[in-house]
Amino acid sequence: MTRIAELPTSTAGHTHCPYCALQCAMTVNPGAGRAPAQVSPAWFPTNRGGLCRKGWTAAELLDHPDRITTPLVRVGGELEPCDWDTALERVADGIRRAQATGGPDGVAVFGGGGLTNEKAYQLGKFTRLALGSRLIDYNGRWCMSSAAAAANLSFGLDRGLPFPVTDLSHARAVLLIGANPADTMPPFLQHLDGAAAAGGLVVADPRLTATARRALDGGGVHLRLRPGTDASLLMGLLHLVVVGGHLDPSYIDARTSGFDEAWGHAAAWLPERTERVTGVSVAQLERTVAMLAEGRRGHGDPACSDPACSDRNRDARGGSYVLTARGAEQHADGSSVVGAAIALALALGLPGRPGSGYGTLTGQGNGQGGREHGQKADQLPGYRSITDPAARAHVADVWGVDPAELPGPGLSAFELLDSLGAPEGPSAMLVHASNPVVSAPDADRVVARLRALDTLVVADFVLSETAALADVVLPVTQWAEEEGTLTNLEGRVLRRRRTVTPPAGARDELWIWNELARRLDRGPERFPVDPRAVFDELARASAGGPADYSAIDWDRLDAGEALHWPCGIDSPGGTPRLFLDRFATPDGRARFALDGVRPPAEPPDAEFPLLGTTGRLLAHYQSGAQTRRVTELAAAEPRMWVQAHPVVARAAGLDDGDPAQVVSRRGSVRAVVRCDEDMRTDTVFLPFHFGGDGRANRLTLPELDPRSRMPEFKVCAVRLEAA
Ligand SMILES: Nc1nc2c(c(=O)[nH]1)N[C@H]1C(S)=C(S)[C@@H](COP(=O)(O)OP(=O)(O)OC[C@H]3O[C@@H](n4cnc5c(=O)[nH]c(N)nc54)[C@H](O)[C@@H]3O)O[C@H]1N2
Ligand SMILES: Nc1nc2c(c(=O)[nH]1)N[C@H]1C(S)=C(S)[C@@H](COP(=O)(O)OP(=O)(O)OC[C@H]3O[C@@H](n4cnc5c(=O)[nH]c(N)nc54)[C@H](O)[C@@H]3O)O[C@H]1N2
Ligand code: SF4
Ligand SMILES: [Mo]
């Protein structure tokens, strides 16, 4: 059996993939030129030697001809190369000008879940202390905020997977809701092999994705629901758990609160009504519940609770999991959907039991750490709340300032972008690690707001669509050129290591913030440039908070210890599995937190008769700024397309391969038609990875979840027509 303890003694070249939250391990060996050779070591448990094609080709971007290696400033309408001094002076001038008219909040900051923990921490600190602004938020708001809000409400804590990924290998049943890991995390799929082979994989997705196919191939179930009906689906499943006698009453008594109220909501979701609303047959609903109830037999088996267990060949021992991802979460009721998914898991008695549970699949490389260290509008480091006086006092003490100096909560990502350049809004913005021109909802409205700024500063290593609008572009270092830490989807802290030398003109963002603080005369010594020093400070700032890193240091990480937070004074060995004894709520019980069901904000009508939904392709990452530049990936998916049932295409006079236009109330998108017999006839699917007039987000709706402020990326009303 391979164990993490058998990690190689030398860590030279060991790092992790730049892209998604699985953070597959990689060894990057500098070759003769700058383009390194990559392999993936088999000992790392989340990927066990596997990489997807994005990972295998990631190094191409290190010395890509499109790489920006000198700062750019806008002169007479054009971006022109300049030296660092000129660029940073221009940024500092823009900040001073914006704050002279708008006060501290005259400047806004937009971060990203791809930033290392150190950069995410420092960006939040820089915004609050050097700029004195409350206006910071980040692209994780598009991604993890609904799952986070629901987990905080029900469990009192938000760690995407409260158990190691490898635990899933022992499961007999897994319900995936709105997740397509076959394309979005391919090496993760091996952990579902046991459940799939046992016929226990259930995939709730409007499309027959590669993941859904995997379920069907093993004898599992594909719930091909109507987009935006996840809350109804989950209420219907919960109903069947109760009426089918599958409740776990002793668990509900001992470990939860609020069941009776939840049943008040779910009682009305009779199977036939659920079938009518979701399009999922009563037989499939019943089968799903039976599989989850049957699968949990055997969970709690102590043989499965070895934190380092990574033997995939061991027979599945039992256990059931409910997992959500963006298909369920990116809705204006996304936090309620996750609340319902958690409620289903609680009714079955899964969370907090070894070998069973609920989790969400975190998306971005540092999507977990990125939401803990204070780049979110309402947060301070350690996953603390910025409105909690004790949290403010603790962080102010670490930062050496008076708590009164810390600004209050800012605006959520879309609200922030929508306020740019408005009379009372900020007139300057710094963007670090996001490309909102492509990825924000109602993207053309966002472009108009960005254009209304006096100063837009974008730090990136390629000229993304957002960087192309900037007044100043700052070229930064990339993954394999920098030192730092990231926290993966299971809350494990990992080291990113420098294995190649960055190009001469690129700078580390820690250096950029230190330089800006110096130019603004805001105490540059408070913004160290050494990532290890930043980590040590971050660890102190997190001490005693929900995401406690205080017992972690780089030496432990470099020695190969698998450290999952919380890892502090009470848990110096880390916490691979959360909630085994109690949940993190004040009374230690998990809460059933169910709302009613709310339909999507924009129902289809005669003018826009189809449900437009959006998501990901295997070959591209996010806004595509990186992967559209990688030869193999661009060749695999060169252009925007729309997936439609042939009947839907024909109704618009279109055939497979025809150029089409998809139109919503907000804008239109050019796309080639891909006919697919397995599509629902009320739905079209659009990937969101393309730029220009292929941006799916020209269509989407900035309707926000009231609790999480997550936009409704997954449903809007559209029509399909010939281009
Ligand atoms: N190749 C690739 N991998 C990635 C990324 C990438 O951009 N490309 N991004 C990373 C990031 S940041 C993230 S957040 C993750 C996202 O990972 P996933 O959540 O797996 O990805 P999506 O494609 O956004 O959505 C998943 C599925 O939701 C379905 N869906 C659409 N509408 C609905 C609905 O109303 N209900 C339900 N139940 N399903 C629906 C879609 O058909 C889609 O197949 O992927 C990560 N990995
Ligand atoms: N319609 C629709 N829209 C969506 C989604 C959807 O499913 N449908 N999904 C949403 C989700 S889940 C997400 S996570 C967002 C992501 O959307 P974006 O925030 O746009 O994500 P990326 O394309 O990863 O943008 C990262 C940019 O930063 C650069 N970059 C990478 N690392 C660094 C770094 O360390 N420093 C700096 N300065 N730059 C760096 C990259 O080159 C790239 O240009 O999109 C959201 N938008
Ligand atoms: S699954 Fe994610 S982390 Fe692994 S190689 Fe692919 S993009 Fe990279
Ligand atoms: Mo994401």
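Every number for a ligand or one of its atoms is a count from 1 in the order of the listing. These numbers come from the heavy atoms of this one structure, side chains and all, not from hydrogens, waters or symmetry mates. Everything numeric in this text was worked out from a predicted model, so none of it was measured. By convention here, the first residue in the shown sequence is residue 1.
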- Message: Tell me the nearest of L611, L233, L225, D205 to atom 43 (C) of ligand 1, using heavy-atom distances.
- Response: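 Checking each option, the heavy atom nearest atom 43 (C) of ligand 1 is found in D205.
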- Query: Any idea which of T324, L617, T184 brings a heavy atom closest to atom 1 (N) of ligand 1?
  - Reply: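 Result: the heavy atom closest to atom 1 (N) of ligand 1 is in L617.
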- Task: Just need the protein heavy atom nearest to atom 35 (O) of ligand 2, so name the residue and atom and give the distance.
- Result: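 I find the closest protein heavy atom is K119 NZ, 3.0 Å.
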- Quick one: nearest non-hydrogen protein atom to atom 18 (P) of ligand 2, plus distance?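 The closest one turns out to be S439 OG, 3.3 Å.
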- Task: Please state which part of T613 comes within less than 4.0 Å of ligand 1, counting heavy atoms only: side chain, backbone, both or neither.
- Result: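 Within the 4.0 Å criterion, T613 contacts ligand 1 through side-chain atoms alone.
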- Message: Is the contact between M185 and ligand 1 made by the side chain, the backbone, both, or neither, using heavy atoms and a 4.0 Å cut-off?
- Response: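 The answer is neither.
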Would you say [X] has any N or O atom under 3.5 Å from an N or O of ligand 2, going by distance alone?
| X | value |
| --- | --- |
| T477 | no |
| C143 | no |
| T614 | yes |
| S434 | yes |
| W142 | no |

- Report yes if some N/O of G228 lies less than 3.5 Å from some N/O of ligand 1; otherwise report no.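 Yes; the residue has a nitrogen or oxygen that sits under 3.5 Å from a nitrogen or oxygen of the ligand.
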- Any N/O of K714 closer than 3.5 Å to an N/O of ligand 1?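 For ligand 1, there is an N or O atom that lies under 3.5 Å from one belonging to K714.
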- Query: Protein N, O or S atoms less than 2.8 Å from atom 2 (Fe) of ligand 3, ignoring waters?
  - Reply: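 Less than 2.8 Å away from atom 2 (Fe) of ligand 3 sit C20 SG.
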- Using a strict cut-off of 4.0 Å, indicate which atoms of ligand 1 neighbour a heavy atom of D230.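 Contacts of ligand 1 toward D230, numbered from 1: 34 (C), 35 (O), 36 (N), 37 (C), 38 (N).
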- Task: Using a strict cut-off of 4.0 Å, indicate which atoms of ligand 1 neighbour a heavy atom of A179.
- Result: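 Numbered from 1, ligand 1 contributes 20 (O).
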- Message: Distance under 4.0 Å to a non-hydrogen atom of E509: what atoms of ligand 2 satisfy this?
- Response: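 By the 4.0 Å cutoff, the relevant atoms are 34 (C), 35 (O), 36 (N), 37 (C), 38 (N).
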- Message: Checking contacts here: is it the side chain or the backbone of N697 that comes within 4.0 Å of ligand 2, counting heavy atoms only? Could be both or neither.
- Response: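 For N697, only side-chain atoms sit under 4.0 Å from ligand 2.
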- ligand 1 contacted by M144 (non-hydrogen, < 4.0 Å):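 Checking ligand 1 against M144, which is what was asked, there is no heavy-atom contact under 4.0 Å.
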